[in-house]
Protein chains: 2
Amino acid sequence: MASPHFDIVARLREIAENGQRSDQRVAAAVLEDADFATHASIERLAEKAGVSEPTITRFCRMLGFEGTRDFKVGLAQSLAIAGRFISVNPADASTGNGVPSIIASSAMNAIETVTGLINRADLDQAATIVAGAGMVRAYGSGGASSMAATELENRLFRLGLPAAAHIDGEMQQMTAATSNKDTVIVAYSLSGEVKPVIDAVTIAGRYGAKTIAFTAANSSLAAAAQLILPFHIEEGTNVYRPSPARYALLALTDMLAMSVAEKIGAPAVERMRRIKNLQGMQKSDAPNLPLGD
Amino acid sequence: MASPHFDIVARLREIAENGQRSDQRVAAAVLEDADFATHASIERLAEKAGVSEPTITRFCRMLGFEGTRDFKVGLAQSLAIAGRFISVNPADASTGNGVPSIIASSAMNAIETVTGLINRADLDQAATIVAGAGMVRAYGSGGASSMAATELENRLFRLGLPAAAHIDGEMQQMTAATSNKDTVIVAYSLSGEVKPVIDAVTIAGRYGAKTIAFTAANSSLAAAAQLILPFHIEEGTNVYRPSPARYALLALTDMLAMSVAEKIGAPAVERMRRIKNLQGMQKSDAPNLPLGD
DNA sequence: TCTTCAAATGTAATTTAATTTCATGCAAGC
DNA sequence: GCTTGCATGAAATTAAATTACATTTGAAGA
């Protein structure tokens, strides 16, 4: 088995709080010294956690790994990316000191997770559909989804594609009703259970639009849309902590937009050059700044 | 032993060309399917490479690892980000195939950079100022900055702080003119040279507002604001590629918001519980979803 | 061309690690 | 207070990796 498609660290934190007694111990032991966990034998790890060896194996299986070895590899991968930000004791996490690392690690993990999960073929197909669209409408409500929808509009219009983001339920449904077969809907939802978005996708589909959804597999939205780009981000329980899911959605949106840009090719480059040129005239020159401040 | 401090992949390529006969075979086998190499047993790997099992162990030792297990972990770490997409021909990297990894690695880089750069004391001071504000106004224009400004509003209002984002130059200047000493301005700009934002910050400062800026050090905006949280993200030259800076700004905003939440403490938790509760009543229940879809 | 010897590699035995099976004990429900 | 089912651990088993030792290979000098 390859790495499972979730944020291991977030999952471990979750289990350390709400899991079985032994699972809690194991999760805590792993979090306390993740590097040790990747290198130590099951025996020493069991000893450190104060549980038996089979418990470790079961723990790994529960997480979706094939076994202990597999878990270690998966953990090592997660650590390679964001590991240096894992704070040793949770006390750190509650003081200001740990804030940057918590943010960084959860964001990176979210991006990593979603990168592992994305199906390239589906992404490519979505990009083809979007690149050939007469009109693209991006739907999403709530913080993360609406940000992603807005961002998609932003990206696509720069590529010369007619695109609009609608983050209001009423507008989603009304615009959906104007769809035809040249319309492409891109819907965002973490839960996949936001009624206005589901309805809008259903309506648009009925009018012949192609519908793409970034959402949870097996959700109502997934059922309503034609092409699903599924993802799932484990949320922590720390209420202070912002949702890492927005990084995931942003990354997915970037991937789609970049794929679309590559499909469109040269004309897109020219358009971006024009926008950049325009900015150059207005602001002081800083040639290496991105499009849009 | 932890992972050795060199580029495993480069070393493998080297060995595949100039190593011992068996080492060449092993290196080639690993490069050909690195993912397999991290997961397979020494037996199957030996079989694939056409060598004996001890050769594999010796190979790993030669590379500086403790043994085969250790090597697998190290390899997994090296592969974590870009390596998963190691392919025999580099051409792949520029086609659609590499899109997810390009996005992921540049985003992570941006977040990591900004995490390393942030001054905790300044962040903390900014959080204190924001937490005690009578009104917070977030300014930013262009894609990344306006997203960050919007996001800050989003975050702060959930904490019960009066906050508004203004992404339009006119509005920035008009609202700035209504400032008083209880007003806090948070300005975003990648370049630090966006005139309306600079002007708005200057005006607000003149009326007694406290001004905070996330922007480039030594820029005009940095000169105009009172507290600077400087950052700089190197932009790539691939025009198709979206700016990773927005991940950096988002992360910075998250850090600020989380620090503010911790300063406010309990009341903030209660407010978030209420918002979550409200969502629970409207949507189908998914207890672990973030605030805002 | 033939030795000779050292380095490279393989075979089989051994050790170490991980997993399965089965037993025990604890807690929730009747 | 009994029963049932699940969590956990002990011991046995299996799988994996390593060591010790044997064989091969190939290069250098006779």
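To find a chain, count down the sequence lines: A is the first, B the second, and so on, and within it residues start at 1.
The NZ atom of B/K72 sits 12 Å away from the C1' atom of C/dA18 (whole-angstrom rounding). Regarding A/E43, its CD atom lies at a distance of 14 Å from the P atom of C/dT19, rounded to whole Å. Counting to the nearest Å, the P atom of D/dT14 and the CD1 atom of A/I42 are 18 Å from each other. Between A/E47 atom CD and D/dG9 atom C1' the separation is 15 Å, expressed in whole Å. Here C/dT16 presents its C1' atom at 14 Å from CD of B/E53, a figure rounded to the nearest Å.
Both B/R69 and B/S52 lie close to DNA chain C; mapped to their nearest nucleotides by heavy-atom distance, the more 5′-ward contact belongs to B/S52. Place B/P54 and B/Q20 on DNA chain C by their nearest nucleotides, and B/Q20 ends up nearer the 5' end.
In this model, the phosphate group of D/dA15 is not approached by any side-chain N or O of B/S41 to a distance below 4.0 Å at OP1 or OP2. Distances shown here put a side-chain N or O of B/S22 below 4.0 Å from the OP1 or OP2 atom of C/dT9. Residue B/R61 places at least one side-chain N or O closer than 4.0 Å to OP1 or OP2 of D/dT19. In this model, the phosphate group of D/dA17 is not approached by any side-chain N or O of B/T68 to a distance below 4.0 Å at OP1 or OP2.
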### Task
Start with the C-alpha gap between A/D124 and A/R120, add the side-chain angles, then the distance that decides, and say whether salt bridge (Lys or Arg N to Asp or Glu O under 4.0 Å) holds.
CA-CA 6 Å; A/D124 199 64; A/R120 306 240 188 118; over 6 Å; no
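A salt bridge links B/K48 to B/E32: at least one charged side-chain nitrogen sits closer than 4.0 Å to a carboxylate oxygen.
Side-chain N/O atoms of A/R58 and base N/O atoms of D/dG9 include a donor-acceptor pair closer than 3.5 Å.
The number of heavy atoms from other shown groups lying within 6.0 Å of CG (A/N218) does not exceed 12. Counting heavy-atom neighbours within 6.0 Å of A/E43 CD, excluding the residue itself, gives a total of 12 or less.
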